[in-house]
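All remarks here apply to the structure that follows.
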Amino acid sequence: MNHYPKQPPAKKFKPASPSDQQKRKAAMQCGPSRLSVEEQRRSLPIYQARPHIIGQLRQLDCAVIIGETGSGKTTQIPQYLYEACIGRQGVIAVTQPRRVAAISLATRVSEERKAELSKLVGYTVRFEDATSEETKIKFLTDGMLLREAIGDPLLRMYSVVILDEAHERTIHTDVLFGVVKSAQKKRKEQGKQPLKIIIMSATMDVDMFSRYFNSAPVLYLEGRQHPIQIFYTKESQSDYLQAALVTVFQVHQEVPASHDILVFLTGQEEIEAMTKTCRDISKHLPDSCPQMVVMPLYASLPHFQQLRVFHNAPKGHRKVILSTNIAETSITIPGIKYVVDTGMVKAKKYNPESGLEVLAVQRVSKAQAWQRTGRAGREDSGICYRLYTEDEFENFDEMTVPEIQRCNLASVVLQLLVLKVPDILTFDFMSKPSPDSMQAAVKQLDLLGAVERKENQIVLTPLGKKMAAFPLEPKFSKTILLSPKYHCTEEILTIVSLLSVDSVLHNPPAKRDDVQTARKKFISSEGDHITLLNIYRAFKNLGKNKEWCRENFINGRNMAMVSDVRSQLRDICLKMSMPLESSRTDTQNIRQCLAHGLFMHAAELQPDGTYTTVDTHQLVAIHPSSILFHCKPACIVYNELLHTSKCYMRDLSVVDADWLFEAAPEYFRQKLKTTKK
DNA sequence: GAGCACTGC
């Protein structure tokens with residue numbers, strides 16, 4: 001291992017030394033199962049650096065560790081710390097952006113320690129806590145550590161916090177940067193047990209991490225990345241889909257069938273269309289050509305279909321996987337030899353002025369392109385075709401804009417306030433969100449009654465404090481807290497749960513008529529919220545039947561998630577001693593409650609048949625997925641706006657204009673004034 | 001008149 005105090009290493013891909021490779025080969029030949037756990041750990045590239053890592057981490061308060069994929073940093077470093085008695089007085093926390101990663105890492109490390117999971121090594125994710133009093137190494141999602149910080153901003157039970165996958169810059173990791181930095185400083189000032197902070201990243205762009213954590217030293221680890229050959233197009237491609245198609249079939253006709261291809265595209269529709277085209281073309285190829293097995297891959301694809309990408313294609317067949325960026329980080333497919341990168345991604349942008357989220361196809365960043373390329377070299381050397389010129393690549397943004405600069409910040413600001421951050425507008429973010437975004441979030445919280453000004457400081461109201469207890473967007477927490485007034489808390493809990501997980505409605509385009517027929521019996525003319533409520537009630541009454549889900553095109557997994565979320569929210573209500581009433585058959589008061597909670601998201605029918613939002617007079621349309629798509633109610637509230645080809649409102653309810661006015665008289669009085677001007 | 005990248009509490 002090299003030690004770089006300031007400048008990051010120059011090379012993107014560093015080949016492992018020959019002796020390493022020999023050792024690894026030997027290990028592979030023996031087969032992992034025949035090596036003892038200890039031997040396996042020693043065969044990892046990181047092992048040679050163990051004494052140096054321990055020596056460094058023992059004396060440092062903050063450190064940044066860069067390790068390529070396969071370096072073993074995430075499983076080994078927590079154990080090295082534990083073995084060297086660093087941080088034994090408390091718990092070593094390791095955060096992950098994803099649940100599955102936290103769980104599988106904890107399982108792996110507890111196996112290496114020959115300890116039962118949840119004893120020495122455990123994990124905590126939403127709905128699942130596999131830890132105990134004995135737990136000394138704890139894997140958890142970044143969101144979970146942030147939740148814990150609300151209970152204790154100094155994170156006193158932890159002696160070390162390792163923020164892993166920091167390069168992904170999730171909104172939770174970004175807030176945690178500030179939270180752990182402040183906790184470390186305060187603990188030092190108060191003479192408490194020190195907090196050690198370790199930032200782990202897979203990319204070289206670590207200057208910013210180091211600078212933010214008081215010029216923390218950077219330790220560089222070698223990985224197991226195999227060399228990857230990169231090809232750019234000679235000319236700029238105007239049609240990336242056509243270019244991808246041509247590239248796939250060129251490779252297909254030239255290389256052995258055992259070499260699988262992974263293509264990065266932007267979305268479901270595009271992937272389904274390309275899947276069909278590939279299948280059609282491959283039928284008409286000469287017999288000398290291998291067979292092609294084409295597999296789509298995207299998040300809303302049913303689980304069992306996602307799992308197909310892990311199965312080997314039959315002998316003489318080539319696997320071609322057409323994927324969204326889900327294959328960039330979340331799903332690792334073994335055996336990929338060729339990557340085709342269109343250089344495009346569908347991603348959300350946020351405009352704080354209009355409060356509008358725009359979902360658009362755009363260029364990837366350089367970091368993202370490297371991540372995609374890396375997917376070709378996980379088991380052996382690979383090849384990556386970039387469907388753009390090298391000049392174009394040079395003009396890509398270096399990094400993907402961190403999530404915190406692309407989101408509505410209402411939840412983040414609420415969280416910072418409950419953490420008692422002295423002045424949220426000057427909070428020490430690594431990458432500051434725009435002042436507009438912060439102001440917009442404060443304004444939104446103010447309208448919800450969550451904040452007030454006291455001596456020129458923004459502070460939480462008692463209502464705001466209650467809102468922060470829910471793992472929800474503030475507008476949903478508010479709606480739940482309003483529900484006792486309308487005697488419909490049970491129903492609102494159901495609706496909010498349905499709205500805060502992925503859609504429970506499964507819409508296979510090929511079976512559109514069947515879907516419509518099946519769904520008819522649940523439809524309420526009052527809108528999507530009541531319709532969803534009807535579906536949930538039917539699901540519960542029929543004992544959560546799998547067969548029923550299939551017949552009615554309901555995603556059972558997401559439905560189960562709704563149940564979990566609902567019981568979590570219900571528990572929080574009970575802890576607050578909220579009365580839990582059901583409105584039974586009365587749906588008007590449910591819509592009144594929704595109108596009151598979502599008054600900022602209201603739209604009115606105009607004389608010309610279009611809709612404009614009450615808030616900013618933005619031209620909007622009813623999303624085609626809505627029950628109300630063919631209807632024209634005068635006044636509606638919606639869950640969210642999403643700008644794709646048009647500005648669409650999703651998840652609507654019909655409401656009375658009067659209800660909105662009663663919910664926020666002052667707000668609507670001002671709106672009327674500004675309209676008249 | 002016609003559509004939805006990916007996570008997470």
Side-chain angles (χ1 to χ4, degrees), chain A residues 95-102 124-129 140-151 165 168-176 264-272 297-301 323-331 342 344-349 357-362 364 368 371 400 402-404 406-407 411-412 414-415 418 467-474 476-477 497 500-503 505-509 512 561 564-565 568-569 572 609-611 621-626 628-632 639-651:
Chain A
T95 69
Q96 293 293 318
R98 283 167 292 279
R99 289 166 56 95
V100 273
T124 308
V125 297
R126 192 182 189 181
F127 311 128
E128 261 184 274
D129 183 12
L140 68 177
T141 46
D142 49 11
M144 202 67 219
L145 186 60
L146 204 51
R147 270 283 132 190
E148 287 189 5
I150 291 175
E165 311 283 4
E168 289 192 28
R169 304 295 302 273
T170 71
I171 196 162
H172 292 144
T173 306
D174 263 34
V175 177
L176 277 175
F264 283 101
L265 296 166
T266 68
Q268 174 176 346
E269 210 183 287
E270 190 175 281
I271 286 169
E272 290 295 350
L297 180 63
Y298 46 87
S300 61
L301 199 68
S323 175
T324 59
N325 44 344
I326 193 171
E328 240 173 63
T329 48
S330 306
I331 294 181
T342 57
M344 305 305 280
V345 66
K346 198 180 281 185
K348 223 177 227 177
K349 290 190 231 171
E357 291 183 321
V358 183
L359 189 61
V361 172
Q362 48 198 301
V364 297
Q368 234 174 329
Q371 180 70 26
T400 310
E403 203 183 354
I404 200 151
R406 290 184 285 130
C407 280
S411 298
V412 168
L414 188 66
Q415 252 158 2
V418 80
M467 283 166 61
F470 291 93
L472 291 171
E473 278 180 58
F476 290 144
S477 320
S497 305
S500 58
V501 308
D502 285 341
S503 175
L505 309 178
H506 179 50
N507 295 315
R512 232 177 49 182
M561 180 73 124
D564 286 344
V565 172
Q568 186 188 26
L569 300 178
I572 296 169
T610 62
Y611 281 91
I622 297 178
H623 194 277
S625 68
S626 174
L628 299 175
F629 183 51
H630 294 286
C631 313
K632 294 232 178 268
N639 176 21
E640 62 172 355
L641 283 185
L642 189 70
H643 197 121
T644 49
S645 62
K646 263 189 196 173
C647 194
Y648 285 111
M649 302 176 278
R650 296 210 296 188
D651 297 315

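Here is the naming used below: chain letters follow the sequence lines, and residue numbers restart at 1 for every chain.
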[X]: which residues meet the side chain to side chain donor-acceptor pair (under 3.5 Å) condition with it, sequence neighbours left out?
{"X": "A:Arg147", "answer": "none"}
{"X": "A:Ser330", "answer": "none"}
{"X": "A:Thr173", "answer": "A:Asp142, A:Thr170"}
{"X": "A:Glu148", "answer": "A:Lys138, A:Tyr158"}

Legend entry - ring pair (Phe, Tyr, Trp, His ring centres under 6.0 Å) involving A:Phe470 - partner list, sequence neighbours excluded: none
Inset, instruction - Going 5' to 3' through nucleotides 3-9 of chain B, assign each nucleotide B (protein heavy atom under 4.0 Å from a base atom), S (under 4.0 Å only from sugar-phosphate atoms) or - (no protein heavy atom that close). - result: BBBSSSB
